Engineer: 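So that we are looking at the same thing, I have put the structure below in C-alpha coordinates.
Side chains are part of it too, since the values below use all heavy atoms of this structure and drop only hydrogens, waters and symmetry mates. Just so it is clear, the model here is predicted, and its values are computed rather than measured. Indexing begins at 1, ligand by ligand and atom by atom, following the structure's order.
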Amino acid sequence: MQPLERISAKLFKFQQSLTLSLKHLVELRDAQNLPVYDFGLGETKGTLNPSIREAGERAFREGYTMYSDPAGMPKLRQAVLRWLGLENHYGIENVVISTGAKQSLFNIFLAVCNPADAVLFDAAPWVSYQPLAVAAYGFPVMVLPLGTQRELLKVTADDLKRNLDARPHVKLFLINNPCNPTAQLYSADEIEALLSICVEHKIYFVLDRLYWRILFDGRTYPEPRIDEETKPWVIQVDGLSKNFRRTGGLRIGWAVGPTDLTKAIINLQSHYTSGPATPTQEAALAAVDRTYVSDFVEELQTKRDLLHRQAAGMPHVKIWPTPGTFYSFWDVRDCFGKKTPDGVVISNSDDVANYLLRSEGVITASGMGFMQNGYLRLSFSVSEDQITDGMSAARRALSALKG
Ligand code: PLP
(Lines give C-alpha, C1' and ligand atoms only; values in the text may rest on other atoms or scores of the structure.)
Protein backbone atom coordinates (compact mmCIF):
# COMPACT_ATOMS: atom_id res chain seq x y z
CA MET A 1 0.00 0.00 0.00
CA GLN A 2 1.30 3.47 -0.89
CA PRO A 3 1.88 5.51 2.29
CA LEU A 4 0.02 8.79 2.45
CA GLU A 5 2.16 11.87 1.84
CA ARG A 6 4.03 12.50 5.05
CA ILE A 7 4.04 16.28 4.54
CA SER A 8 1.00 18.09 3.16
CA ALA A 9 1.15 19.44 -0.37
CA LYS A 10 0.67 22.86 1.15
CA LEU A 11 3.85 22.78 3.24
CA PHE A 12 5.92 20.42 1.13
CA LYS A 13 7.61 23.19 -0.85
CA PHE A 14 8.27 25.50 2.08
CA GLN A 15 11.87 26.47 2.72
CA GLN A 16 13.11 28.03 5.92
CA SER A 17 12.72 31.79 5.98
CA LEU A 18 15.62 33.23 3.95
CA THR A 19 16.44 35.86 6.52
CA LEU A 20 16.46 33.47 9.45
CA SER A 21 18.71 31.03 7.62
CA LEU A 22 21.16 33.91 7.19
CA LYS A 23 21.52 34.00 10.95
CA HIS A 24 22.67 30.38 10.84
CA LEU A 25 25.21 31.22 8.15
CA VAL A 26 26.76 33.90 10.34
CA GLU A 27 27.08 31.44 13.22
CA LEU A 28 28.78 28.91 10.92
CA ARG A 29 31.35 31.43 9.67
CA ASP A 30 31.98 32.72 13.18
CA ALA A 31 32.59 29.17 14.39
CA GLN A 32 35.23 28.72 11.66
CA ASN A 33 36.87 32.05 12.47
CA LEU A 34 36.20 33.28 8.95
CA PRO A 35 35.67 37.02 8.40
CA VAL A 36 32.01 37.91 8.37
CA TYR A 37 30.27 41.21 7.69
CA ASP A 38 26.69 40.52 8.47
CA PHE A 39 24.27 42.73 6.55
CA GLY A 40 21.85 39.84 6.20
CA LEU A 41 19.33 39.55 8.97
CA GLY A 42 17.09 42.54 9.69
CA GLU A 43 17.35 42.54 13.43
CA THR A 44 17.81 45.40 15.87
CA LYS A 45 20.82 45.13 18.13
CA GLY A 46 22.38 47.22 20.92
CA THR A 47 21.24 47.15 24.54
CA LEU A 48 17.71 46.39 25.59
CA ASN A 49 16.13 49.45 27.20
CA PRO A 50 16.36 48.99 31.01
CA SER A 51 12.66 49.75 31.51
CA ILE A 52 11.71 46.95 29.09
CA ARG A 53 14.11 44.56 30.78
CA GLU A 54 12.95 45.46 34.27
CA ALA A 55 9.28 45.04 33.35
CA GLY A 56 10.00 41.52 32.08
CA GLU A 57 12.10 40.70 35.14
CA ARG A 58 9.40 42.05 37.45
CA ALA A 59 6.78 39.93 35.74
CA PHE A 60 8.76 36.79 36.48
CA ARG A 61 9.63 37.87 40.02
CA GLU A 62 6.08 38.76 40.91
CA GLY A 63 4.55 35.71 39.26
CA TYR A 64 2.82 37.28 36.24
CA THR A 65 3.26 33.99 34.48
CA MET A 66 -0.30 32.74 34.22
CA TYR A 67 -2.50 32.83 31.13
CA SER A 68 -3.62 36.27 30.04
CA ASP A 69 -6.62 37.20 27.93
CA PRO A 70 -6.27 35.37 24.57
CA ALA A 71 -6.53 38.77 22.85
CA GLY A 72 -3.63 40.07 24.95
CA MET A 73 -3.60 41.99 28.20
CA PRO A 74 -6.22 44.76 28.15
CA LYS A 75 -3.72 47.34 29.48
CA LEU A 76 -1.32 46.50 26.65
CA ARG A 77 -4.10 46.71 24.05
CA GLN A 78 -5.02 50.14 25.37
CA ALA A 79 -1.36 51.21 25.30
CA VAL A 80 -1.06 49.99 21.70
CA LEU A 81 -3.92 52.26 20.69
CA ARG A 82 -2.13 55.20 22.29
CA TRP A 83 1.18 54.19 20.67
CA LEU A 84 -0.49 54.24 17.27
CA GLY A 85 -2.49 57.41 18.01
CA LEU A 86 -5.72 55.46 17.48
CA GLU A 87 -7.36 55.77 20.89
CA ASN A 88 -10.08 58.07 19.54
CA HIS A 89 -11.00 55.64 16.79
CA TYR A 90 -10.97 52.21 18.37
CA GLY A 91 -11.50 50.38 21.64
CA ILE A 92 -9.46 47.49 22.99
CA GLU A 93 -11.86 45.04 21.31
CA ASN A 94 -10.22 46.16 18.07
CA VAL A 95 -6.71 45.13 19.15
CA VAL A 96 -5.20 41.65 19.25
CA ILE A 97 -1.73 41.03 20.67
CA SER A 98 0.07 38.09 19.08
CA THR A 99 3.37 36.24 19.03
CA GLY A 100 5.15 38.67 16.73
CA ALA A 101 3.81 40.55 13.74
CA LYS A 102 4.23 37.28 11.85
CA GLN A 103 1.42 35.72 13.80
CA SER A 104 -0.69 38.86 13.45
CA LEU A 105 -0.36 38.54 9.68
CA PHE A 106 -1.06 34.83 9.68
CA ASN A 107 -4.14 35.42 11.84
CA ILE A 108 -5.42 37.92 9.29
CA PHE A 109 -4.94 35.56 6.35
CA LEU A 110 -6.58 32.73 8.30
CA ALA A 111 -9.46 34.96 9.28
CA VAL A 112 -10.29 36.33 5.84
CA CYS A 113 -9.24 33.79 3.19
CA ASN A 114 -11.40 31.08 1.76
CA PRO A 115 -9.49 28.60 -0.41
CA ALA A 116 -8.00 30.33 -3.46
CA ASP A 117 -9.04 33.85 -2.50
CA ALA A 118 -6.39 36.15 -3.90
CA VAL A 119 -4.29 38.31 -1.63
CA LEU A 120 -2.41 41.12 -3.31
CA PHE A 121 1.07 42.14 -2.25
CA ASP A 122 3.29 44.95 -3.38
CA ALA A 123 6.06 44.41 -5.87
CA ALA A 124 8.81 43.20 -3.53
CA PRO A 125 6.92 41.35 -0.83
CA TRP A 126 8.65 40.62 2.46
CA VAL A 127 9.81 36.98 2.56
CA SER A 128 7.09 35.52 4.76
CA TYR A 129 3.96 37.10 3.24
CA GLN A 130 3.60 34.47 0.57
CA PRO A 131 4.22 31.35 2.70
CA LEU A 132 1.81 32.66 5.33
CA ALA A 133 -0.87 33.40 2.74
CA VAL A 134 -0.42 29.98 1.15
CA ALA A 135 -0.60 28.26 4.54
CA ALA A 136 -3.93 30.03 5.03
CA TYR A 137 -5.15 28.75 1.63
CA GLY A 138 -4.84 32.18 0.07
CA PHE A 139 -3.52 32.74 -3.44
CA PRO A 140 -0.70 35.31 -3.34
CA VAL A 141 -0.34 37.74 -6.23
CA MET A 142 2.26 40.46 -6.63
CA VAL A 143 1.00 43.72 -8.06
CA LEU A 144 3.34 44.65 -10.87
CA PRO A 145 4.15 48.36 -10.77
CA LEU A 146 3.80 49.86 -14.23
CA GLY A 147 3.05 53.41 -13.17
CA THR A 148 5.11 56.48 -12.38
CA GLN A 149 6.65 54.85 -9.30
CA ARG A 150 7.87 51.65 -10.95
CA GLU A 151 11.54 52.66 -10.71
CA LEU A 152 11.22 52.35 -6.92
CA LEU A 153 8.96 49.28 -7.12
CA LYS A 154 6.07 51.28 -5.67
CA VAL A 155 2.53 50.32 -6.56
CA THR A 156 0.22 53.13 -7.68
CA ALA A 157 -3.56 53.28 -7.37
CA ASP A 158 -3.82 52.54 -11.11
CA ASP A 159 -1.65 49.44 -10.71
CA LEU A 160 -3.88 48.22 -7.91
CA LYS A 161 -7.07 49.00 -9.80
CA ARG A 162 -5.81 47.12 -12.86
CA ASN A 163 -5.30 44.01 -10.74
CA LEU A 164 -8.62 44.32 -8.98
CA ASP A 165 -10.48 44.74 -12.25
CA ALA A 166 -8.82 41.57 -13.55
CA ARG A 167 -9.54 39.39 -10.50
CA PRO A 168 -12.91 38.76 -8.91
CA HIS A 169 -11.69 36.98 -5.77
CA VAL A 170 -9.34 39.45 -4.14
CA LYS A 171 -9.73 39.62 -0.38
CA LEU A 172 -7.04 42.05 0.60
CA PHE A 173 -4.20 44.25 -0.50
CA LEU A 174 -1.20 44.30 1.81
CA ILE A 175 1.39 47.02 1.83
CA ASN A 176 4.44 47.47 4.02
CA ASN A 177 5.22 51.10 4.75
CA PRO A 178 8.09 51.87 5.04
CA CYS A 179 9.01 48.83 3.07
CA ASN A 180 11.22 45.89 3.87
CA PRO A 181 13.18 45.22 1.63
CA THR A 182 13.20 48.35 -0.58
CA ALA A 183 13.21 50.93 2.28
CA GLN A 184 10.81 53.10 0.28
CA LEU A 185 8.10 55.15 1.93
CA TYR A 186 4.67 55.69 0.42
CA SER A 187 3.50 59.30 0.92
CA ALA A 188 0.21 60.21 2.60
CA ASP A 189 -1.33 60.91 -0.84
CA GLU A 190 -0.17 57.57 -2.21
CA ILE A 191 -1.55 55.73 0.82
CA GLU A 192 -4.85 57.57 0.54
CA ALA A 193 -5.13 56.71 -3.17
CA LEU A 194 -4.48 53.00 -2.50
CA LEU A 195 -6.80 52.94 0.49
CA SER A 196 -9.63 54.60 -1.47
CA ILE A 197 -9.36 51.95 -4.18
CA CYS A 198 -9.60 49.20 -1.53
CA VAL A 199 -12.63 50.82 0.10
CA GLU A 200 -14.29 51.29 -3.27
CA HIS A 201 -13.73 47.60 -4.12
CA LYS A 202 -14.63 46.46 -0.60
CA ILE A 203 -11.41 44.64 0.08
CA TYR A 204 -9.21 44.91 3.15
CA PHE A 205 -6.30 47.32 3.15
CA VAL A 206 -3.68 45.70 5.36
CA LEU A 207 -0.95 48.09 6.43
CA ASP A 208 2.15 46.45 7.84
CA ARG A 209 3.76 49.35 9.67
CA LEU A 210 6.40 47.43 11.55
CA TYR A 211 9.16 49.99 10.82
CA TRP A 212 6.96 53.07 11.14
CA ARG A 213 9.09 54.89 13.71
CA ILE A 214 12.29 54.47 11.72
CA LEU A 215 12.02 57.40 9.35
CA PHE A 216 14.94 59.67 8.54
CA ASP A 217 15.61 63.32 7.77
CA GLY A 218 12.65 64.58 9.80
CA ARG A 219 9.96 62.61 7.97
CA THR A 220 6.71 61.87 9.74
CA TYR A 221 4.58 58.78 9.31
CA PRO A 222 1.82 58.99 6.68
CA GLU A 223 -1.10 57.68 8.71
CA PRO A 224 -3.99 56.07 6.83
CA ARG A 225 -7.36 57.85 7.03
CA ILE A 226 -9.52 56.28 9.71
CA ASP A 227 -13.21 57.23 9.53
CA GLU A 228 -16.57 55.51 9.22
CA GLU A 229 -15.97 54.79 5.53
CA THR A 230 -12.51 53.24 5.87
CA LYS A 231 -12.81 51.55 9.28
CA PRO A 232 -14.42 48.31 8.06
CA TRP A 233 -11.53 47.80 5.66
CA VAL A 234 -8.34 48.99 7.35
CA ILE A 235 -6.22 46.54 9.32
CA GLN A 236 -2.94 47.75 10.79
CA VAL A 237 -0.16 45.41 11.82
CA ASP A 238 2.74 46.45 14.01
CA GLY A 239 4.88 45.09 16.81
CA LEU A 240 7.86 45.31 19.06
CA SER A 241 10.56 43.82 16.84
CA LYS A 242 11.97 46.75 14.88
CA ASN A 243 11.39 50.10 16.53
CA PHE A 244 13.42 49.33 19.67
CA ARG A 245 16.88 47.92 20.32
CA ARG A 246 17.19 44.15 20.72
CA THR A 247 13.49 43.32 20.91
CA GLY A 248 13.01 40.86 18.01
CA GLY A 249 13.14 37.81 20.25
CA LEU A 250 10.46 39.12 22.61
CA ARG A 251 7.96 38.02 19.95
CA ILE A 252 5.20 40.52 20.42
CA GLY A 253 3.11 41.96 17.59
CA TRP A 254 -0.39 43.34 17.24
CA ALA A 255 -3.17 43.96 14.78
CA VAL A 256 -5.79 46.69 14.95
CA GLY A 257 -8.91 46.44 12.80
CA PRO A 258 -12.68 46.16 12.57
CA THR A 259 -14.49 44.39 15.41
CA ASP A 260 -15.87 41.45 13.41
CA LEU A 261 -12.37 40.63 12.20
CA THR A 262 -10.61 41.00 15.56
CA LYS A 263 -13.34 38.89 17.16
CA ALA A 264 -12.68 36.09 14.67
CA ILE A 265 -8.96 36.37 15.30
CA ILE A 266 -9.37 36.32 19.07
CA ASN A 267 -11.50 33.17 18.81
CA LEU A 268 -8.85 31.55 16.64
CA GLN A 269 -5.99 32.64 18.85
CA SER A 270 -7.77 31.32 21.95
CA HIS A 271 -7.38 27.87 20.40
CA TYR A 272 -3.87 27.91 19.09
CA THR A 273 -1.67 30.05 21.35
CA SER A 274 -3.97 31.42 24.10
CA GLY A 275 -2.16 34.71 23.47
CA PRO A 276 1.54 35.49 23.80
CA ALA A 277 3.67 34.96 26.91
CA THR A 278 2.56 37.16 29.81
CA PRO A 279 6.04 38.40 30.89
CA THR A 280 6.86 39.62 27.40
CA GLN A 281 3.52 41.40 27.23
CA GLU A 282 4.58 43.22 30.40
CA ALA A 283 7.88 44.07 28.69
CA ALA A 284 5.99 45.29 25.61
CA LEU A 285 3.84 47.51 27.78
CA ALA A 286 6.95 49.16 29.20
CA ALA A 287 8.16 49.78 25.64
CA VAL A 288 5.06 51.37 24.16
CA ASP A 289 3.53 53.06 27.19
CA ARG A 290 5.94 55.98 27.23
CA THR A 291 7.17 58.71 24.95
CA TYR A 292 9.19 57.20 22.16
CA VAL A 293 12.89 58.02 22.47
CA SER A 294 14.28 58.65 19.02
CA ASP A 295 17.99 58.21 19.75
CA PHE A 296 17.74 54.77 18.16
CA VAL A 297 16.47 56.33 14.94
CA GLU A 298 19.23 58.93 15.06
CA GLU A 299 21.81 56.18 15.49
CA LEU A 300 20.39 54.34 12.48
CA GLN A 301 20.40 57.52 10.41
CA THR A 302 24.10 57.98 11.18
CA LYS A 303 24.71 54.39 10.08
CA ARG A 304 22.71 54.87 6.91
CA ASP A 305 24.81 57.93 6.06
CA LEU A 306 28.02 56.09 6.84
CA LEU A 307 27.04 53.12 4.67
CA HIS A 308 26.06 55.33 1.77
CA ARG A 309 29.31 57.30 2.08
CA GLN A 310 31.42 54.16 2.24
CA ALA A 311 29.54 52.55 -0.64
CA ALA A 312 29.65 55.58 -2.94
CA GLY A 313 30.89 54.57 -6.39
CA MET A 314 30.65 50.85 -5.57
CA PRO A 315 31.32 49.05 -8.89
CA HIS A 316 28.32 47.50 -10.67
CA VAL A 317 25.84 48.69 -8.06
CA LYS A 318 23.14 51.36 -7.93
CA ILE A 319 22.13 52.22 -4.40
CA TRP A 320 18.58 53.33 -3.72
CA PRO A 321 17.69 56.20 -1.39
CA THR A 322 16.76 55.10 2.13
CA PRO A 323 14.04 57.30 3.64
CA GLY A 324 13.28 54.78 6.39
CA THR A 325 13.88 51.27 7.84
CA PHE A 326 17.43 50.02 8.33
CA TYR A 327 17.88 48.56 4.87
CA SER A 328 19.91 49.68 1.93
CA PHE A 329 18.56 48.30 -1.33
CA TRP A 330 21.04 47.70 -4.10
CA ASP A 331 20.35 47.23 -7.79
CA VAL A 332 23.03 44.73 -8.85
CA ARG A 333 21.77 43.87 -12.33
CA ASP A 334 24.97 45.28 -13.79
CA CYS A 335 26.81 42.28 -12.27
CA PHE A 336 24.86 39.86 -14.45
CA GLY A 337 26.99 38.27 -17.15
CA LYS A 338 30.23 39.24 -15.38
CA LYS A 339 32.77 36.60 -14.30
CA THR A 340 34.13 36.03 -10.81
CA PRO A 341 37.94 35.49 -10.48
CA ASP A 342 37.31 31.73 -10.28
CA GLY A 343 35.38 31.78 -13.54
CA VAL A 344 31.75 31.63 -12.38
CA VAL A 345 29.37 33.69 -14.51
CA ILE A 346 26.95 35.71 -12.38
CA SER A 347 23.41 35.27 -13.60
CA ASN A 348 21.10 36.28 -10.78
CA SER A 349 21.05 37.97 -7.38
CA ASP A 350 21.61 34.70 -5.52
CA ASP A 351 24.89 34.44 -7.45
CA VAL A 352 25.90 37.96 -6.42
CA ALA A 353 25.02 37.26 -2.77
CA ASN A 354 26.90 33.93 -2.84
CA TYR A 355 29.92 35.50 -4.45
CA LEU A 356 30.10 38.32 -1.88
CA LEU A 357 29.83 35.74 0.87
CA ARG A 358 32.33 33.21 -0.46
CA SER A 359 34.96 35.74 -1.54
CA GLU A 360 34.86 38.27 1.30
CA GLY A 361 32.39 37.10 3.95
CA VAL A 362 29.88 39.85 3.13
CA ILE A 363 26.42 38.56 3.96
CA THR A 364 23.45 40.17 2.21
CA ALA A 365 19.87 39.10 1.53
CA SER A 366 19.35 38.23 -2.12
CA GLY A 367 16.42 39.93 -3.81
CA MET A 368 15.24 36.50 -4.99
CA GLY A 369 13.80 35.98 -1.49
CA PHE A 370 11.65 39.04 -2.11
CA MET A 371 10.65 38.06 -5.64
CA GLN A 372 13.02 40.66 -7.06
CA ASN A 373 15.87 39.17 -8.97
CA GLY A 374 18.49 41.84 -9.61
CA TYR A 375 18.65 43.31 -6.12
CA LEU A 376 20.29 42.84 -2.74
CA ARG A 377 19.11 44.04 0.64
CA LEU A 378 21.67 45.08 3.23
CA SER A 379 20.75 45.71 6.83
CA PHE A 380 22.79 48.50 8.40
CA SER A 381 21.64 47.65 11.89
CA VAL A 382 25.26 46.64 12.58
CA SER A 383 28.27 48.35 14.16
CA GLU A 384 29.98 51.25 12.39
CA ASP A 385 33.15 49.15 12.10
CA GLN A 386 31.20 46.41 10.35
CA ILE A 387 29.84 48.99 7.92
CA THR A 388 33.26 50.48 7.12
CA ASP A 389 35.09 47.15 6.84
CA GLY A 390 32.18 45.41 5.14
CA MET A 391 31.90 48.08 2.45
CA SER A 392 35.64 47.81 1.73
CA ALA A 393 35.25 44.04 1.48
CA ALA A 394 32.26 44.38 -0.87
CA ARG A 395 34.19 46.85 -3.01
CA ARG A 396 37.16 44.44 -3.28
CA ALA A 397 34.87 41.62 -4.37
CA LEU A 398 32.86 43.65 -6.88
CA SER A 399 35.99 45.29 -8.36
CA ALA A 400 37.33 41.81 -9.13
CA LEU A 401 34.41 40.95 -11.44
CA LYS A 402 35.46 40.75 -15.08
CA GLY A 403 33.72 41.18 -18.41
N1 PLP B 1 6.61 42.40 8.53
C2 PLP B 1 7.80 42.80 8.07
C3 PLP B 1 7.85 43.74 6.94
C4 PLP B 1 8.99 42.32 8.64
O5 PLP B 1 10.17 42.75 8.19
C6 PLP B 1 8.91 41.38 9.70
C7 PLP B 1 10.12 40.83 10.30
O8 PLP B 1 11.20 40.88 9.80
C9 PLP B 1 7.63 40.99 10.14
C10 PLP B 1 6.51 41.51 9.55
C11 PLP B 1 7.48 40.02 11.29
O12 PLP B 1 7.85 40.64 12.47
P13 PLP B 1 7.94 39.90 13.88
O14 PLP B 1 9.37 39.72 14.17
O15 PLP B 1 7.28 40.86 14.83
O16 PLP B 1 7.18 38.63 13.77
Side-chain angles (χ1 to χ4, degrees), residues 16-23 38-45 48 52 72 76 80 83-84 95-110 119 121-133 135-136 140 142 153-155 172-186 206-215 221 235-256 265 269 273 275-277 280-281 283-284 287-288 300 322-329 365 367 369-372 377-381:
Q16 204 200 21
S17 153
L18 162 82
T19 42
L20 289 182
S21 38
L22 290 170
K23 190 159 181 145
D38 177 16
F39 302 101
L41 183 68
E43 176 161 31
T44 68
K45 301 188 172 118
L48 186 65
I52 302 178
L76 176 56
V80 160
W83 158 258
L84 294 173
V95 185
V96 191
I97 312 293
S98 299
T99 306
K102 271 188 182 164
Q103 196 203 349
S104 303
L105 290 160
F106 193 34
N107 284 343
I108 292 165
F109 298 147
L110 287 168
V119 294
F121 297 135
D122 61 40
W126 170 63
V127 285
S128 296
Y129 291 149
Q130 302 204 48
L132 291 177
M142 267 168 55
L153 294 176
K154 279 163 79 174
V155 170
L172 63 85
F173 171 60
L174 189 157
I175 197 170
N176 179 210
N177 202 34
C179 176
N180 172 14
T182 65
Q184 299 314 300
L185 181 70
Y186 285 83
V206 183
L207 179 64
D208 177 343
R209 51 186 294 172
L210 203 61
Y211 298 80
W212 71 283
R213 293 281 185 169
I214 309 176
L215 299 180
Y221 193 68
I235 311 171
Q236 305 197 52
V237 174
D238 181 30
L240 208 59
S241 306
K242 310 294 178 181
N243 294 310
F244 304 89
R245 293 185 177 93
R246 220 178 185 83
T247 43
L250 293 178
R251 310 307 305 129
I252 295 285
W254 44 81
V256 181
I265 291 176
Q269 196 163 276
T273 62
T280 53
Q281 291 194 62
V288 297
L300 288 173
T322 305
T325 75
F326 41 78
Y327 301 119
S328 180
F329 202 60
F370 306 93
M371 311 297 287
Q372 284 296 340
R377 186 200 76 181
L378 285 84
S379 162
F380 51 82
S381 169

Engineer: With sequence neighbours excluded, tell me which residues meet side chain to side chain contact (heavy atoms under 4.5 Å, CB included) with Ala101.
Structural biologist: Leu210, Val237
Engineer: Classify the side-chain pair Tyr211/Asn180 by whether it contains a donor and acceptor separated by less than 3.5 Å.
Structural biologist: yes
Engineer: Pull out every atom of ligand 1 sitting under 4.0 Å from any heavy atom of Asn176, numbered as shown with elements.
Structural biologist: 3 (C)
Engineer: Sub-3.5 Å donor-acceptor pair from the side chain of Asp122 to the main-chain atoms of Val155, do we have one?
Structural biologist: no
Engineer: Please work out, at 4.0 Å between heavy atoms, whether the side chain, the backbone, both, or neither of Tyr129 comes within that distance of ligand 1.
Structural biologist: side chain
Engineer: Looking only at the side chains, is there a donor atom on one of Ser381 and Glu43 sitting less than 3.5 Å from an acceptor on the other?
Structural biologist: no
Engineer: Is there a side-chain contact between Ile97 and Ile252 in this structure, where contact means two heavy atoms from C-beta onward sitting under 4.5 Å apart?
Structural biologist: yes
Engineer: Suppose I only count heavy atoms of Lys102 and a 4.0 Å limit; which atoms of ligand 1 are within that range?
Structural biologist: 11 (C), 13 (P), 16 (O)
Engineer: Short list, please: which atoms of ligand 1 are under 4.0 Å from a heavy atom of Gly100?
Structural biologist: 15 (O), 16 (O)
Engineer: Between ligand 1 and Gly239, can you find any atom pair, the residue atom being a heavy atom, that is separated by under 4.0 Å?
Structural biologist: no
Engineer: List ligand 1 atoms under 4.0 Å from Lys242, heavy atoms only on the residue side.
Structural biologist: 7 (C), 8 (O)
Engineer: For Asp238 and Trp254, does a side-chain donor sit closer than 3.5 Å to a side-chain acceptor?
Structural biologist: yes
Engineer: Determine whether the side chain, the backbone, both or neither of Arg251 has a heavy atom under 4.0 Å from any heavy atom of ligand 1.
Structural biologist: side chain
Engineer: So, for Tyr129 and Phe109, which heavy atoms are closest and what is the spacing to 0.1 Å?
Structural biologist: O-CE1, 3.7 Å
Engineer: Given Ser104, Ser241, Gly253, which has its nearest heavy atom closest to atom 14 (O) of ligand 1?
Structural biologist: Ser241
Engineer: In terms of atom number and element, which parts of ligand 1 are under 4.0 angstrom from non-hydrogen atoms of Asp208?
Structural biologist: 1 (N), 2 (C), 3 (C), 10 (C)
